[in-house]
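We count residues from 1, following the sequence as given. Owing to the predicted nature of the structure, the values given are computational and were not obtained by experimental measurement.
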Amino acid sequence: MNKTRLEAFSDGVLAIIITIMILEIKVPHGVEFADLKPLIPKFLSYILSFIYVGIYWNNHHYLIHGLSKVNGKILWANLHLLFWLSLVPVSTGWMGEHNFSKAAMACYGIILLLCAIAYVILQKTVLDVEGKNSVLAKALGRDLKGKVSAVLYIVGIVTSFFNEWVSGASYFTVALLWLIPDKRIERAFTSKK
């Protein structure tokens, strides 16, 4: 199978996820700026989730860019990632609707952690196909940011039951870590040419 089909399908699913998230933000019924105030939590949760989906889209692009061939394991690993990402709008809506409540923050963190685990599985599956000595494997290295992210997700989940602000700060910190695209793969393939 050609990797462009995998990329196109993934891009479509991610676009739908973002569309679903924005559709959760309803137009206020009033005509004053004060009528926007109840939308602030929804908008903030949307911004954070938009950034997360954008990060996954960006890193997925670079990961698949380095792929030479696609097999059934990669397809299923990719679907696994897309499944968890498709749950982001639900937790985003719950957070925004209930002002970042403890349960909503915990659920959001759990889904983010499961997305991260699914991405690691996809990455490992891709590396199994490409080989441990491939340019892609060398570019990815030990993935320190990925490990730090997992720890911060767990901190966010645990602290969500005690302090939603600390939990939110953990999730925001992970987004900041990944906001600048991981260009290791791009650099590795550019220097190879």
Side-chain angles (χ1 to χ4, degrees), residues 10-61 63 77-123 143-182:
S10 301
D11 287 350
V13 171
L14 293 171
I16 291 168
I17 289 168
I18 288 173
T19 303
I20 291 169
M21 286 189 315
I22 193 62
L23 291 175
E24 288 295 314
I25 302 177
K26 305 298 181 209
V27 175
H29 295 290
V31 294
E32 303 296 326
F33 283 116
D35 297 320
L36 293 171
K37 190 175 181 183
L39 296 180
I40 292 173
K42 293 178 183 181
F43 188 65
L44 291 175
S45 64
Y46 169 75
I47 290 170
L48 183 60
S49 293
F50 185 93
I51 291 169
Y52 267 109
V53 173
I55 288 166
Y56 275 103
W57 175 75
N58 196 316
N59 287 320
H60 184 273
H61 165 74
L63 180 66
N78 191 64
L79 282 172
H80 180 236
L81 171 63
L82 294 175
F83 171 79
W84 292 112
L85 285 169
S86 73
L87 294 176
V88 170
V90 176
S91 59
T92 301
W94 194 21
M95 265 191 335
E97 187 71 29
H98 297 286
N99 296 317
F100 305 98
S101 68
K102 291 174 174 31
M105 293 297 283
C107 179
Y108 189 70
I110 290 167
I111 289 172
L112 291 177
L113 178 61
L114 292 170
C115 287
I117 291 168
Y119 187 82
V120 168
I121 291 169
L122 175 60
Q123 190 172 301
D143 194 23
L144 182 62
K145 277 200 311 189
K147 292 173 181 147
V148 169
S149 298
V151 170
L152 286 170
Y153 287 141
I154 293 167
V155 166
I157 294 164
V158 172
T159 59
S160 68
F161 296 104
F162 308 104
N163 187 320
E164 301 93 284
W165 290 100
V166 173
S167 177
S170 295
Y171 305 147
F172 183 72
T173 302
V174 174
L176 284 178
L177 280 173
W178 289 97
L179 196 57
I180 297 171
D182 190 352

Taking the side chain as C-beta and beyond, is there a heavy-atom pair between [X] and [Y] under 4.5 Å?
X: M21; Y: V88; result: yes
X: Y119; Y: L63; result: yes
X: L113; Y: I157; result: yes
X: F162; Y: V158; result: yes
X: W178; Y: V174; result: yes
X: W165; Y: F100; result: no

Q | Salt bridge K102-E164, side-chain N to carboxylate O under 4.0 Å | A | yes
Q. Listed by chain and number, what are the side chain to side chain contact (heavy atoms under 4.5 Å, CB included) partners of W57, not counting sequence neighbours?
A. D11, L14
Q | Contacts of H60 that satisfy side chain to side chain contact (heavy atoms under 4.5 Å, CB included) - sequence neighbours left out | A | S10, I64, N78, L81, L122
Q) So F50 and Y46, would you call those rings parallel, tilted or perpendicular, with 30° and 60° as cut-offs? A) tilted
If I take atom [atom1] from residue [X] and atom [atom2] from residue [Y], how far apart are they, to the nearest 0.5 angstrom?
X: L179; Y: F172; atom1: CG; atom2: CZ; result: 8.5 Å
X: I16; Y: I20; atom1: CD1; atom2: CD1; result: 7.0 Å
X: C115; Y: Y153; atom1: SG; atom2: OH; result: 7.5 Å
X: H61; Y: N59; atom1: NE2; atom2: CG; result: 10.5 Å
X: K42; Y: E97; atom1: NZ; atom2: CD; result: 4.0 Å
X: I111; Y: L87; atom1: CD1; atom2: CG; result: 5.0 Å

Indicate the atoms forming the closest heavy-atom contact of [X] with [Y], along with that distance.
X: Y56; Y: A116; result: OH-N, 3.1 Å
X: I121; Y: H80; result: CD1-CE1, 3.8 Å
X: A175; Y: Y52; result: N-OH, 3.6 Å

Just by modelled atom types, is the [Y] backbone N or O under 3.5 Å from a matching donor or acceptor in the [X] side chain?
X: S45; Y: T92; value: yes
X: S170; Y: V166; value: yes
X: D35; Y: V31; value: yes

Q | Verdict with reasoning, L36 to F33, per side chain to side chain contact (heavy atoms under 4.5 Å, CB included) | A | CA-CA 6 Å; L36 293 171; F33 283 116; 4.0 Å; yes
**Q.** Between S49 and Y108, a side-chain donor and acceptor under 3.5 Å
**A.** yes
